[in-house]
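Taking it in order: structure first as structure tokens, then the write-up.
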Amino acid sequence: MSALRPGGITDEMIQAMDAAKRQGLQKDLRALAVNIRADAEGRYDSAEPGWRSGVEWTLLWIENTASQLTGGRPDAGAGGRGQGVSPE
């Protein structure tokens, strides 16, 4: 059993809230990546050199960041919170 904080909030409640925030952000990042990919489709042929690799790098960075929020699992604990990642 965990100690009660002011207002009757337990450590488990705080951990559950943090996990829900990470999962929400992860979902939003993945939706952003889907939208970027959909907007970029069909534009590669007419784009300047390097544009496609820039889009792919961005999509990889977004996915890596989303995965780190929950250690790659939607139900993961606090590990990976707030850590940036470079897809290079």
Side-chain angles (χ1 to χ4, degrees):
M1 178 139 181
S2 84
L4 281 178
R5 296 174 187 250
I9 299 173
T10 65
D11 291 336
E12 287 84 9
M13 291 174 173
I14 291 172
Q15 290 172 355
M17 182 181 65
D18 286 344
K21 286 180 185 178
R22 286 189 305 277
Q23 289 172 5
L25 181 55
Q26 184 181 55
K27 182 179 177 182
D28 290 347
L29 285 169
R30 289 190 169 139
L32 174 63
V34 166
N35 289 335
I36 290 171
R37 186 177 310 278
D39 286 346
E41 285 181 6
R43 296 184 187 188
Y44 289 141
D45 295 336
S46 63
E48 294 180 25
W51 189 84
R52 181 181 184 145
S53 62
V55 169
E56 293 301 324
W57 185 94
T58 301
L59 294 172
L60 181 59
W61 184 88
I62 290 170
E63 179 55 38
N64 285 343
T65 301
S67 293
Q68 280 197 349
L69 287 170
T70 59
R73 299 180 318 273
D75 61 344
R81 180 193 317 169
Q83 296 175 354
V85 63
S86 174
E88 295 178 327

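Scope of the values below: all heavy atoms of this structure, side chains included, with no hydrogens, waters or symmetry mates.
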Got a second to check how far N64's CG is from L60's CG, nearest 0.5 Å? 4.5 Å
Among all residues two or more places apart in sequence or in another chain, which pass the side chain to side chain contact (heavy atoms under 4.5 Å, CB included) test with E63? R30, S67
Examine [X] and [Y] and state if one hydrophobic cluster contains both, with Ile, Leu, Val, Met, Phe, Trp and Tyr joined whenever side-chain heavy atoms are less than 4.5 Å apart.
X	Y	value
L59	W57	yes
W61	V34	no
L69	M17	no

pair I62-T58: side-chain heavy atoms closer than 4.5 Å: yes
With side chains defined as the heavy atoms from C-beta onward, is the minimum distance between E56 and R37 less than 4.5 Å?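 Counting from C-beta outward, E56 and R37 do come under 4.5 Å.
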State, to 0.1 Å, how close V55 and A40 come at their nearest heavy-atom pair, and which atoms those are.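 Taking every non-hydrogen atom into account, CG1-CB, 4.0 Å.
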